[in-house]
Amino acid sequence: MNLSLFARYGVLGSAMLLSACCFFPSHRHKTDTIPPTTGSLTVAPASSFAYVPAEDGRLSPNRIQNTASSSITLKKNVDVSVRDAVAKTLTRAGVNIADNARTLSARIEVFSVEDARSPAWWTLKMHYVLIGTDSKRELYASTKIVRRRFHTFTNNTIALEDTVAANVSVLLDDPDFVRVLH
């Protein structure tokens with residue numbers, strides 16, 4: 001047997017097995033459990049999604065705290081990535097995000113990854129605020145925390161979006177928030 005051919009197929013097979021890790025149910029959460037919700041609001045721009053660790057100077061705006069290394073670096077800033085994921089999740093839930101009567105913003109108080117050992121745990125703590133656009137009155141405010149387990153070598157973008165989706169799902173399960181949406 002040709003050893004170089006055997007080596008090529010061995011490398012290809014190993015790469016395929018390693019890349020498939022995130023497809024196993026125990027390592028990737030299903031985000032289709034978002035509760036269907038009706039209502040409308042506008043998701044504030046990313047500048048209204050304050051990333052507290054970056055404001056405090058502990059991390060740069062495009063990094064997530066990580067226990068195994070110094071931090072996880074994203075292509076976009078955390079506030080932009082989280083804001084986009086919130087808007088995407090609300091749209092998937094059935095919320096009209098083109099209504100300017102109410103504006104949703106949030107403070108990203110904690111976003112961290114604990115992956116010194118497998119599995120990795122992603123934690124997201126966000127303080128949501130829904131404000132009436134005309135009255136500037138606070139209609140809703142609450143802090144939501146989620147902690148998600150992922151395979152250690154999960155794609156960071158997938159883990160971020162799934163963690164944000166889980167946090168938004170907790171928000172949509174809050175009857176006070178749903179009441180204000182209508």
Side-chain angles (χ1 to χ4, degrees), residues 28-66 71-72 74-114 121-150 155-182:
R28 174 109 197 260
H29 297 276
K30 293 184 179 186
T31 57
D32 56 3
T33 58
I34 299 165
T37 307
T38 58
S40 58
L41 54 78
T42 294
V43 179
S47 60
S48 295
F49 278 73
Y51 184 43
V52 175
E55 287 180 346
D56 294 348
R58 291 180 281 150
L59 293 171
S60 62
N62 67 332
R63 293 182 181 266
I64 297 174
Q65 181 181 352
N66 184 359
S71 60
I72 295 173
L74 304 175
K75 291 180 183 177
K76 296 189 283 185
N77 286 349
V78 173
D79 59 348
V80 173
S81 299
V82 169
R83 185 260 176 224
D84 292 349
V86 167
K88 180 179 173 181
T89 305
L90 288 171
T91 301
R92 284 183 44 217
V95 176
N96 174 10
I97 63 167
D99 181 10
N100 292 327
R102 292 172 292 277
T103 303
L104 180 69
S105 62
R107 288 183 55 82
I108 307 160
E109 296 176 353
V110 174
F111 206 165
S112 63
V113 180
E114 299 168 29
W121 288 93
W122 287 62
T123 303
L124 176 60
K125 178 180 178 183
M126 290 179 52
H127 181 74
Y128 292 97
V129 177
L130 187 66
I131 295 176
T133 307
D134 292 338
S135 66
K136 303 290 186 215
R137 189 174 60 103
E138 186 177 283
L139 304 172
Y140 174 86
S142 181
T143 301
K144 305 298 180 192
I145 303 170
V146 294
R147 189 161 187 230
R148 303 290 296 235
R149 184 180 78 155
F150 289 94
N155 179 305
N156 293 332
T157 303
I158 291 171
L160 181 142
E161 288 180 359
D162 285 357
T163 304
V164 172
N167 197 283
V168 173
S169 292
V170 173
L171 176 69
L172 293 174
D173 280 336
D174 187 338
D176 292 335
F177 180 74
V178 173
R179 186 176 19 83
V180 174
L181 282 182
H182 294 69

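Note that these values count all heavy atoms, side chains included, but never hydrogens, waters or copies made by symmetry.
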Is there side-chain contact between [X] and [Y], with at least one heavy-atom pair below 4.5 Å?
| X | Y | result |
| --- | --- | --- |
| Y128 | V168 | yes |
| Y51 | N62 | no |
| L124 | I108 | yes |
| I131 | R102 | no |
| S142 | Y140 | yes |
| F111 | L59 | no |

Is there a donor-acceptor contact under 3.5 Å linking the side chains of [X] and [Y]?
| X | Y | answer |
| --- | --- | --- |
| T42 | N100 | yes |
| S60 | R63 | yes |
| S40 | D99 | yes |

Can E114 and R147 be counted as an ion pair, charged N to O under 4.0 angstrom?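 The answer is yes: the pair qualifies as a salt bridge.
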
Electrostatic pair R107:E55 at N-O distance under 4.0 angstrom: yes

Taking atom CG of N167 and atom CD1 of I145, what is their separation to the nearest 0.5 Å?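 If I round to the nearest 0.5 Å, the distance is 9.0 Å.
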
Nearest-0.5 Å distance that lies between atom OG1 in T37 and atom CZ in R92: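 Nearest 0.5 Å value for the OG1-CZ distance: 12.5 Å.
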
Look only at the side chain of R148 and the backbone of W121, and say whether a donor-acceptor pair between them is shorter than 3.5 Å.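 No; zero donor-acceptor contacts below 3.5 Å.
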
